[in-house]
Structure formats: structure tokens, C-alpha cells
Trainee: 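Below are the C-alpha cells for one structure; questions will follow.
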Amino acid sequence: MAAYEIPGDLLYSREDEWARKEDDRTSIGVTDYAQQQLGDIVFLELPEIGTRVERGAPFGVIESVKAVADLFAPISGEVVAVNANLEAHPEAVNEDCYGDGWILAIQAQEDSGFESLLDAKGYLQHIEEREK
């Protein structure tokens, strides 16, 4: 199995997005596993600020030289920020998926779905099961 960076301070969806709680908002991005599987990212289609997203539902599209894939919301809430830098520099997702390559931030609603997310150990186990 390839080596994947899976920070212990984040939560993960089974669809390969990560979530970082930060005060009253949660930053969202794709995991190192996802960006490695996709290859060079060339385009992202993202929602507008104010859009409501539902846990498990597509909120955007990520396109690489190898594939086009939906992005799925790991939690429910309202989009409060979008990484505008990705429009001109989508490769930031490949270069720093947990930092400069963040995709959007959501203000979580009361029943947002955090309890359904995996910790780092659980996400690594999920990857290992898929790669068997």
C-alpha cells in the first residue's frame, strides 16, 4: 500500500473528504489519498457562499488529468467560505491538500453529521479495506 498522509487532528468521510473544526466553522478538503488517486488536479467547480450542503450529497466537482469526480459534503451546513485561489491554482490541492489546498468552509448546522465521520485510524482502515 502506498504511503498516505492522514493527520490525526482531522475527521474523514468515507468519500475521501476531510473536515477540520475551527471555532464556528469547519474547513473541508480532499484527503491525500484522494488527490493521489486523482492525479494532477486541473479544475474545481465549487458552490457559492451561502449555499446549503447536505452530508453525503455532492457539492461540487473536481477534475484531474485522469478523472472527473464529485465532491461530497462530509457534514451538513451553509458554505461560508470558498478557496478562491483554487480557480487559478487548482494544483494547490495536490501540493498541500490539508493546508493551502482546502476547498471550502461550512458553518455546521445542529445535526450536521460529525458523528458519522471517521478518525485518522478509522480512515486508514477504510483505505486499506478498499485496496485489498
Side-chain angles (χ1 to χ4, degrees):
M1 185 170 101
Y4 304 110
E5 182 182 356
I6 305 173
D9 62 335
L10 302 177
L11 295 171
Y12 301 89
S13 73
R14 295 180 181 281
E15 295 79 29
D16 306 309
E17 281 80 23
W18 56 261
R20 177 185 292 124
K21 290 184 182 182
E22 302 167 321
D23 298 322
D24 65 338
R25 69 186 224 168
T26 301
S27 295
I28 307 292
V30 297
T31 65
D32 185 41
Y33 172 80
Q35 70 83 20
Q36 284 190 44
Q37 297 300 307
L38 287 165
D40 294 336
I41 307 300
V42 295
F43 177 76
L44 288 101
E45 180 182 309
L46 304 176
E48 294 183 18
I49 293 174
T51 301
R52 296 214 37 90
V53 297
E54 294 298 322
R55 179 177 62 84
F59 68 80
V61 174
I62 188 166
E63 186 174 331
S64 73
V65 294
K66 290 169 45 176
V68 176
D70 285 332
L71 294 165
F72 294 91
I75 60 169
S76 299
E78 180 180 332
V79 176
V80 294
V82 175
N83 187 348
N85 183 52
L86 296 179
E87 192 173 319
H89 302 286
E91 68 277 3
V93 173
N94 295 115
E95 295 165 357
D96 188 13
C97 63
Y98 299 114
D100 290 341
W102 67 279
I103 294 175
L104 52 77
I106 295 173
Q107 183 166 10
Q109 63 188 42
E110 212 169 289
D111 56 346
S112 59
F114 281 109
E115 70 283 348
S116 69
L117 298 177
L118 304 169
D119 62 11
K121 183 178 177 183
Y123 182 63
L124 177 60
Q125 204 170 22
H126 177 63
I127 292 171
E128 288 172 345
E129 289 169 4
R130 287 161 56 188
E131 291 194 339
K132 285 182 182 176

Trainee: Looking at every heavy atom in both Arg25 and Ala81, which two are closest together, and how far apart are they?
Mentor: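 For Arg25 versus Ala81, the nearest heavy atoms are NH1-CB, 3.7 Å.
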Trainee: side-chain contact (heavy atoms from CB on, under 4.5 Å), that's the test. Do Phe43 and Val61 meet it? Break it down for me.
Mentor: CA-CA 8 Å; Phe43 177 76; Val61 174; 5.7 Å; no
Trainee: Rounded to the nearest 0.5 Å, how far does CD1 of Ile41 lie from OG of Ser64?
Mentor: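 So the gap between those two atoms works out to 5.0 Å.
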Trainee: In Å, rounded to the nearest 0.5 Å, how long is the span from CD1 of Ile75 to CD1 of Ile106?
Mentor: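 Between Ile75 CD1 and Ile106 CD1, I get 4.5 Å after rounding to 0.5 Å.
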Trainee: To the nearest 0.5 Å, what is the distance between CG on Leu10 and OG1 on Thr26?
Mentor: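 Going from the CG atom of Leu10 to the OG1 atom of Thr26 covers 11.0 Å.
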Trainee: Mind checking whether Leu118 and Ile6 sit in one hydrophobic cluster, side chains of I, L, V, M, F, W, Y counted as touching below 4.5 Å?
Mentor: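 The answer is yes; both residues are in one hydrophobic cluster.
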Trainee: Just do the side-chain contact (heavy atoms from CB on, under 4.5 Å) check on Asp40 and Glu91 with the steps written out, would you?
Mentor: CA-CA 7 Å; Asp40 294 336; Glu91 68 277 3; over 6 Å; no
Trainee: Group every Ile, Leu, Val, Met, Phe, Trp and Tyr by side-chain heavy-atom contacts under 4.5 Å, then state whether Leu117 and Tyr123 land in the same group.
Mentor: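 No, no single cluster joins them.
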Trainee: Give, for atom CH2 of Trp102 and atom SG of Cys97, the distance between the pair rounded to the nearest 0.5 Å.
Mentor: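 Separation between the atoms: 14.5 Å.
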Trainee: Is the shortest heavy-atom distance from the side chain of Tyr12 to the side chain of Pro7 under 4.5 Å?
Mentor: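 SC-SC contact between Tyr12 and Pro7 confirmed.
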Trainee: Shortest non-hydrogen contact from Leu44 to Pro90?
Mentor: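 That would be CD1-CB, 3.7 Å.
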Trainee: Looking at Leu86 and Ala92, what are the two nearest heavy atoms and their distance?
Mentor: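 What the structure gives for the nearest pair is CD2-CB, 3.8 Å.
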Trainee: Does Glu48, at its CD atom, have more than 12 non-hydrogen atoms belonging to other residues, nucleotides or ligands within less than 6.0 Å?
Mentor: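 At most 12 heavy atoms, drawn from other residues, nucleotides or ligands, come within 6.0 Å of this atom.
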Trainee: Looking only at non-hydrogen atoms, find the nearest pair between Pro74 and Ile28 and report the distance.
Mentor: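 Shortest heavy-atom separation between Pro74 and Ile28 comes out as CG-CD1, 3.5 Å.
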Trainee: About how many Å separate CD of Glu63 and CD of Glu45, when rounded to the nearest 0.5 Å?
Mentor: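 Interatomic distance, Glu45 CD to Glu63 CD, rounded to 0.5 Å: 9.5 Å.
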Trainee: Following the transitive rule for hydrophobic clusters with a side-chain heavy-atom cut-off under 4.5 Å over Ile, Leu, Val, Met, Phe, Trp and Tyr, establish whether Val93 and Phe72 coincide in one cluster.
Mentor: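 Cluster IDs for Val93 and Phe72 differ.
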Trainee: Set out, in order, the CA-CA distance, both residues' side-chain angles and the distance that settles side-chain contact (heavy atoms from CB on, under 4.5 Å) for Leu104 and Phe59, then state yes or no.
Mentor: CA-CA 10 Å; Leu104 52 77; Phe59 68 80; 3.4 Å; yes
Trainee: What is the minimum heavy-atom distance between Pro47 and Val82, and which atoms define it?
Mentor: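 Looking at all heavy atoms of both residues, the closest pair is O-CG2, 3.3 Å.
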Trainee: Look at Asp9 together with Lys21 and state whether they make a salt bridge at an N to O cut-off of under 4.0 Å.
Mentor: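 A salt bridge is absent here (no side-chain N lies under 4.0 Å from a carboxylate O).
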Trainee: Count I, L, V, M, F, W, Y as connected when their side-chain heavy atoms are under 4.5 Å apart, and connections chain through other members. Are Val30 and Val79 then in the same cluster?
Mentor: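 Yes, Val30 and Val79 fall within the same hydrophobic cluster.
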Trainee: Shortest non-hydrogen contact from Arg130 to Tyr33?
Mentor: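 Reported closest heavy-atom pair: NH2-CE2, 3.2 Å.
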Trainee: Might you work through the side-chain hydrogen bond (donor to acceptor under 3.5 Å, both in side chains) test for Glu22 and Ser27, ending with a clear yes or no?
Mentor: CA-CA 7 Å; Glu22 302 167 321; Ser27 295; 2.6 Å; yes
Trainee: Would you indicate whether the side-chain heavy atoms of Ile103 and Asn83 approach each other to under 4.5 Å?
Mentor: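 Heavy-atom side-chain distance check fails, nothing below 4.5 Å.
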Trainee: How long is the straight-line distance from OH of Tyr4 back to OG1 of Thr31, given to the nearest 0.5 Å?
Mentor: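 Atom-to-atom, Thr31:OG1 and Tyr4:OH are 9.0 Å apart.
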Trainee: More than 12 non-hydrogen atoms from neighbouring residues, nucleotides or ligands closer than 6.0 Å to CD on Gln36, yes or no?
Mentor: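 More than 12 heavy atoms, drawn from other residues, nucleotides or ligands, come within 6.0 Å of this atom.
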Trainee: Mind checking whether Trp18 and Tyr98 have parallel, tilted or perpendicular rings, split at 30° and 60°?
Mentor: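 Rings of Trp18 and Tyr98: tilted, 30 to 60°.
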Trainee: Does the side chain of Lys66 reach to within under 4.5 Å of the side chain of Leu38, using non-hydrogen atoms?
Mentor: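 Side chain of Lys66 against side chain of Leu38, heavy atoms only: no contact under 4.5 Å found.
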Trainee: Dump the intermediate steps for side-chain contact (heavy atoms from CB on, under 4.5 Å) on Arg55 and Ser116, then the final yes or no.
Mentor: CA-CA 9 Å; Arg55 179 177 62 84; Ser116 69; 3.4 Å; yes
